Structure formats: structure tokens, C-alpha cells
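Position 1 is the first residue of the sequence; numbering continues from there. The model shown is predicted, which means the values in this text are computed figures rather than measured ones.
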Amino acid sequence: MMLVDLDSGTYFGLNDVGGRFWQLLDEGQPLGQACNQLQAEFDVERDQLERDIGALVGELVERKLLVPA
């Protein structure tokens, strides 16, 4: 999955987990519920998932592709 910042023309690629996370957010799932769903769908330890999702959210916010609520 690719995200595009239309203002800057910057592309941002997401792997399978990141793409699924984006879909879950787009469906309106809160962060905790999205993490629960990801853990159920992918073979990943909860601590690692939370670190990775936290890093992804931070990068998306920094690039202005995601606005914190």
C-alpha cells in the first residue's frame, strides 16, 4: 500500500501490517482495537507490534499523513 501526500507529492510505502493498520484506522477502529486485530491476523508479539505501530504512527504524524485525534 502506498500513501501519497498530495501537497508535497511525497510517496510513503507501507508493508502488509502497516497497510492493514491503515485500513483498520480508515474503518474507524481505535488504536487499541486495531492492535488487537493485527495481533489476531499476524504472527507477532504484542510488545513488538506496539513498538512498530508506535513508530509508524509517529512517522505518519511527522510527515503530516496522519493527524492525531
Side-chain angles (χ1 to χ4, degrees):
M1 176 179 280
M2 297 292 291
L3 303 178
V4 179
D5 179 347
L6 296 176
D7 292 331
S8 69
T10 302
Y11 289 82
F12 188 83
L14 298 173
N15 64 16
D16 290 342
V17 177
R20 180 65 176 132
F21 175 68
W22 186 264
Q23 289 174 331
L24 293 168
L25 291 183
D26 190 48
E27 292 170 6
Q29 289 195 27
L31 182 61
Q33 188 176 348
C35 283
N36 290 341
Q37 185 66 36
L38 290 170
Q39 190 174 17
E41 293 180 19
F42 295 93
D43 182 26
V44 62
E45 294 292 325
R46 183 62 181 225
D47 290 344
Q48 184 65 50
L49 175 65
E50 289 178 359
R51 281 192 301 274
D52 291 350
I53 292 298
L56 175 60
V57 167
E59 190 166 357
L60 292 174
V61 168
E62 182 180 313
R63 293 175 183 255
K64 298 181 178 145
L65 294 168
L66 183 65
V67 178

Chemist: Looking at every heavy atom in both Trp22 and Leu65, which two are closest together, and how far apart are they?
Modeler: CH2-O, 3.4 Å
Chemist: If we count only N and O atoms by modelled type, under 3.5 Å, do the side chains of Arg46 and Asn36 hold a donor and an acceptor together?
Modeler: yes
Chemist: Evaluate the side chain to side chain contact (heavy atoms under 4.5 Å, CB included) criterion for residues Leu56 and Phe12: first the C-alpha distance (whole Å), next the side-chain angles of each, then the deciding distance (0.1 Å), finally the verdict.
Modeler: CA-CA 11 Å; Leu56 175 60; Phe12 188 83; 3.9 Å; yes
Chemist: Heavy atoms only: give me the nearest Glu45-Gln39 pair and the separation to one decimal.
Modeler: C-NE2, 4.4 Å
Chemist: I'd like to know if Val4 and Leu25 are part of one continuous hydrophobic network [Ile/Leu/Val/Met/Phe/Trp/Tyr, side-chain heavy atoms within less than 4.5 Å].
Modeler: no
Chemist: Side chain to side chain contact (heavy atoms under 4.5 Å, CB included), that's the test. Do Leu49 and Phe42 meet it? Break it down for me.
Modeler: CA-CA 10 Å; Leu49 175 65; Phe42 295 93; over 6 Å; no
Chemist: Is any side-chain heavy atom of Arg63 less than 4.5 Å from a side-chain heavy atom of Asp5?
Modeler: no
Chemist: Between Leu38 and Leu24, is there a side-chain heavy-atom distance shorter than 4.5 Å?
Modeler: yes
Chemist: Quick check on the hydrophobic clustering: are Leu6 and Leu3 connected, directly or via other members, by side-chain heavy-atom contacts under 4.5 Å?
Modeler: no
Chemist: Counting only heavy atoms not in Gln48 (residues, nucleotides, ligands), do more than 12 fall under 6.0 Å from its CD?
Modeler: yes
Chemist: When rounded to the nearest 0.5 angstrom, what distance separates CD in Gln29 from CD in Gln37?
Modeler: 6.0 Å
Chemist: Is there a side-chain contact between Phe21 and Leu14 in this structure, where contact means two heavy atoms from C-beta onward sitting under 4.5 Å apart?
Modeler: no
